[in-house]
Number of protein chains: 2
Amino acid sequence: MSFTTETAVTNADKTYMQLRNDIVEGRVAAGTKLSEVELSTNYCVSRAVIREAINRLMACHLVERKANVGARVVTLSPEGLEQLYQVRESLEGMAARLAAKNMTDTEIENLQHLLNTHFDQQVQTGESYYQEAGDVDFHYRIVQGSKNQHLISVLINGLYHLVRMYRVQLGMAGPRVTTAFDEHLHIVKAIANRDEELAEILMRRHILYSKNNIQTKLLNHSNLKGQ
Amino acid sequence: MSFTTETAVTNADKTYMQLRNDIVEGRVAAGTKLSEVELSTNYCVSRAVIREAINRLMACHLVERKANVGARVVTLSPEGLEQLYQVRESLEGMAARLAAKNMTDTEIENLQHLLNTHFDQQVQTGESYYQEAGDVDFHYRIVQGSKNQHLISVLINGLYHLVRMYRVQLGMAGPRVTTAFDEHLHIVKAIANRDEELAEILMRRHILYSKNNIQTKLLNHSNLKGQ
DNA sequence: GCCCGCCTATTTGTCGACAATTTTGCCAGA
DNA sequence: TCTGGCAAAATTGTCGACAAATAGGCGGGC
């Protein structure tokens, strides 16, 4: 089903993905200290593979490490979110522009088909599915469609995990879903028309809206906690 | 002197930097297979720290690894250069815009002072210095001035090494130097005026020119080799 | 002569133990 | 009681050895 075929061949790969998911989905809380021995017992692997996993997590900014001290899961903050979405807007805008230029016709058709599927599910199940996986899938395809290796790498195995972490931990479920679907539709249309400039503009807008949406959630969140 | 204070505390840090420099500056040729045992004897450290170094190099796209097979230094190609400069243009353009917004007045003054220094050296020594370190320094400061942690990380300990690799290995010395200085001057002026939009535009242009310059060199290079 | 499968050799992946550094807790002195 | 420093405990950094997987060469079969 999922578009992201991230095949774990080695043991370190699996551990990395497990730990990454556990962090993104909050089973390992933000700000937690990551003890190597503790993790190695929990995940039933040696410290070496834990260290490799942590190193990779550092590369995608999910953990921070100080030499001879240890690694901590990053903490989420409004500033961090702002900065994250700043670069996301820039990079994904560019991805959309490149996708309008470089995607093959069949890839575009598949993308349109994907949106149709989402629409059907949205009608049937009351738009619960679209939420996570659908949105993720859509953005992944655009990024892949850019055919730019650096872009793909930075976004897909870099920033996106952090984006997901923000979304998951703030409990994403809201009125944004339906409007996001329309935005996706327009973006695909621009790409199908090979209108690079419009594709970029729409994508940047789309992400800007998304940021505003999640930002208000973050404020509510901290307000609730503050009380 | 150098602005980039990258302090190596642990042994793996040092090895990573050494190996990285050796790759960037061509002492380890592009496309070379990186044997872990060989490297561990060469650099007088255990395989564990070599593996960590290789992992970090993977994160900044200087080497590629296949599981159970090994790691190779990336190969330079016109497509790779194109893709690299595409994202560089986008990200550094954004960095310039953010720098115009977020740099402190004293930081801007320091930047202007830096350019003056470069100008003097250019006059005295016949612009040989400006070449490498000066340009690097300039761009580093702008990026840092953006105050965006993700941007800083992706560029400075990600793409820049690859950029340097392209430049070094194609033997950068050319007529571009002086015009680049003028471009830098205008960018700083825009930043000093807090003109975000102009700063971004000028920076994007600057990088575009730089790409064209290096691209013709790459063509000459491969032509020479082809004959 | 060519192709397929096996076997060996080399290389990578993983592990547990040791060394170095940091943190924590305790004690002495003011 | 508070502060400074020393010592012990815990944690990270580094290492060498073993396990697993791949690549290359050899021989047998067609």
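In what follows, chains are A, B, ... by sequence order, proteins preceding strands, each numbered from 1. Here the structure is a predicted model, which means the values were calculated and not measured.
As rounded to whole Å, 18 Å separates atom P of D/dA10 from atom CG of A/Leu39. Taking atom OH on A/Tyr16 and atom P on C/dT14, their separation rounds to 15 Å, with Å as the unit. Following rounding to the nearest Å, B/Arg51 (CZ) and D/dC15 (C1') show an atom-to-atom distance of 14 Å. Across the protein-nucleic acid pair, B/Glu36 atom CD and D/dT22 atom C1' stand 14 Å apart, rounded to whole Å. Residue A/Leu34 contributes atom CG, which lies 16 Å from atom C1' of D/dA10 at whole-angstrom precision. Atom P of nucleotide D/dG13 and atom NZ of A/Lys66 are separated by 13 Å, given to the nearest angstrom. In this structure, A/Arg47 atom CZ and D/dA10 atom C1' are separated by 11 Å, rounded to whole Å. For A/Arg65 and D/dT11, the CZ to P distance is 15 Å, given to the nearest whole Å.
Ring to ring, A/His184 and A/His139 are close: their centroids are under 6.0 angstrom apart. For B/Tyr85 and B/Tyr166, the ring centers are positioned 6.0 Å apart or more.
For B/Lys33, the listed nucleotide lying nearest its side chain is C/dT12; candidates were C/dT12, C/dT14, D/dT11. The side chain of B/Asn11 has D/dT14 as its nearest neighbour among D/dT14, C/dC15, D/dC15. Of all nucleotides listed (D/dC15, C/dT12, D/dT12), C/dT12 comes nearest to the side chain of B/Asn68.
Among the protein residues, B/Ile54 comes within range of no part of the nucleic acid, since none of its heavy atoms lies under 4.0 Å from any strand. The residue A/Ile50 sits apart from the nucleic acid: no heavy atom pair falls under 4.0 Å.
Between B/Ser46 and A/Val69, it is A/Val69 whose nearest contact on DNA chain D lies nearer the 5' terminus. Each of B/Gly70 and B/Ala48 was matched to the nucleotide of DNA chain C holding its nearest heavy atom; the match closer to the 5' end belongs to B/Gly70.
For the pair B/Thr10 and D/dT12, the criterion of a side-chain N or O lying under 4.0 Å from OP1 or OP2 is not met.
Judged purely by atom type and a 3.5 angstrom limit, B/Arg97 has no side-chain atom pairing as donor or acceptor with the backbone of B/Glu196. Listed for the A/Thr32 side chain is no donor-acceptor partner under 3.5 Å among the backbone atoms of A/Val28.
A salt bridge is defined here as a Lys NZ or Arg NE, NH1 or NH2 lying under 4.0 Å from an Asp or Glu carboxylate O, and B/Arg47 with B/Glu36 meets this definition.
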